[in-house]
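Read the structure below first, then the notes.
Numbering of residues begins at 1 and proceeds along the displayed sequence.
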Amino acid sequence: MADERQLRGSPTTAPPEGLTPALARNIEAIMQRRRENKRAASGQERAAAAISRFAGSMLFVYLHLGLYSGWIIANLEWIPGIRPWDPSLVILAMEASVEAIFLSTFVLINQNRMAAEDDIRADLDLQVSLLNEHETTRLISMVEAIARKLEVATEADAEVDELKKVVAPEAVLDRIEAEGRD
């Protein structure tokens, strides 16, 4: 893992190619937050995540393929010398059902945690977008004032009044919700 100085660069060292110092700092801040969130997770959340990761792996598939195939083959009396313990495969079906219940619960726990993280990221995205909208609106007003002072006419003069209007996020959300109900 690259340390922060490598990502950011220094006055005498440039950051890695393609990364500006600001971008490198942002990447490091995001990675630091992810590490903090990982450390802050409860033992139960970490266990559910680990089980979900394992259940979503090919190793899990191979183990189950081997186990279930062996169980079925042994109980169909295809292996000489092994007496069937579940000839109707009812025990296997019950075990698979119970396992599915627990695995789906672990996956749901993990998805709930991930959804909460997504909500936080969405809130951050919204805040950044609103800040950007505010700054852009202010810049448009400033550029318009400069153009007026210098008596410079532009093709965008007709749109400037509309672009200078502050966007109310509540109004946008209300409109989206109203359109969604139709």
Side-chain angles (χ1 to χ4, degrees), residues 1-60 103-182:
M1 180 189 320
D3 74 7
E4 186 177 347
R5 285 174 296 181
Q6 287 175 317
L7 278 176
R8 215 182 30 205
S10 69
T12 57
T13 307
E17 188 174 331
L19 293 181
T20 64
L23 182 57
R25 277 192 309 274
N26 290 344
I27 291 169
E28 180 56 30
I30 289 168
M31 298 312 294
Q32 181 62 32
R33 177 60 60 102
R34 285 185 181 171
R35 288 188 292 269
E36 289 170 7
N37 287 343
K38 203 174 200 176
R39 278 192 300 268
S42 71
Q44 294 171 345
E45 289 172 329
R46 285 194 298 274
I51 291 169
S52 294
R53 263 192 316 278
F54 176 66
S57 71
M58 286 307 294
L59 177 60
F60 182 83
L103 285 177
S104 62
T105 302
F106 289 124
V107 168
L108 288 171
I109 291 168
N110 200 38
Q111 285 179 336
N112 287 340
R113 182 189 55 76
M114 291 169 62
E117 289 175 3
D118 287 345
D119 287 345
I120 291 168
R121 278 193 285 276
D123 288 345
L124 176 61
D125 286 346
L126 177 60
Q127 291 300 322
V128 169
S129 294
L130 290 172
L131 180 60
N132 188 25
E133 174 69 28
H134 176 72
E135 291 172 347
T136 302
T137 302
R138 298 286 296 156
L139 284 171
I140 290 169
S141 295
M142 291 169 60
V143 169
E144 180 204 25
I146 292 168
R148 200 173 38 247
K149 177 91 171 160
L150 297 175
E151 298 176 358
V152 175
T154 68
E155 294 176 15
D157 286 345
E159 300 174 22
V160 170
D161 288 336
E162 183 179 338
L163 294 173
K164 287 191 317 184
K165 291 180 182 174
V166 175
V167 175
E170 300 86 5
V172 174
L173 290 172
D174 289 346
R175 178 64 187 264
I176 291 171
E177 288 173 4
E179 290 292 323
R181 283 178 254 160
D182 293 341

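- Crowding of R34 atom CZ: a count of heavy atoms from other residues, nucleotides or ligands under 6.0 Å not exceeding 12.
- Taking all atoms of both residues into account, the shortest heavy-atom contact from F54 to F60 is O-CB, 3.1 Å.
- No more than 12 heavy atoms of other residues, nucleotides or ligands sit less than 6.0 Å from atom CD of Q44.
- K165 and E133 get closest at one heavy-atom pair: O-OE2, 4.4 Å.
- One finds the CZ atom of R53 at 13.5 Å from the CG atom of L59 (value rounded to the nearest 0.5 Å).
- Put simply, the side chain of R113 never gets that close to the backbone of I109: no donor and acceptor are under 3.5 Å apart.
- Of the charged side-chain nitrogens involved, at least one lies within less than 4.0 Å of a carboxylate oxygen, so that R35 and E28 count as a salt-bridged pair.
- With contacts defined as side-chain heavy-atom distances shorter than 4.5 Å, the pair L124/I120 does not qualify.
- In this structure, the side chains of R33 and N37 come closer than 4.5 Å at one or more pairs of heavy atoms.
- Atom CD of residue Q111 and atom CG of residue D118 lie 10.5 Å apart, to the nearest 0.5 angstrom.
- Atom CG of D125 sits about 12.0 Å away from atom CG of N132, to the nearest 0.5 Å.
- Here the straight-line distance linking atom CD1 of I140 with atom CD of E162 works out to 10.0 Å at 0.5 Å rounding.
- Looking only at distances, no side-chain donor or acceptor of T137 sits under 3.5 Å from a matching main-chain atom of V166.
- L131 has its side chain within reach of E135: a pair of non-hydrogen atoms, C-beta onward, lies under 4.5 Å apart.
- A distance of 10.0 Å separates CD of E179 from CZ of R181, quoted to the nearest 0.5 Å.
- Here CD1 of I27 is found 11.5 Å from CZ of R25. Values are rounded to the nearest 0.5 Å.
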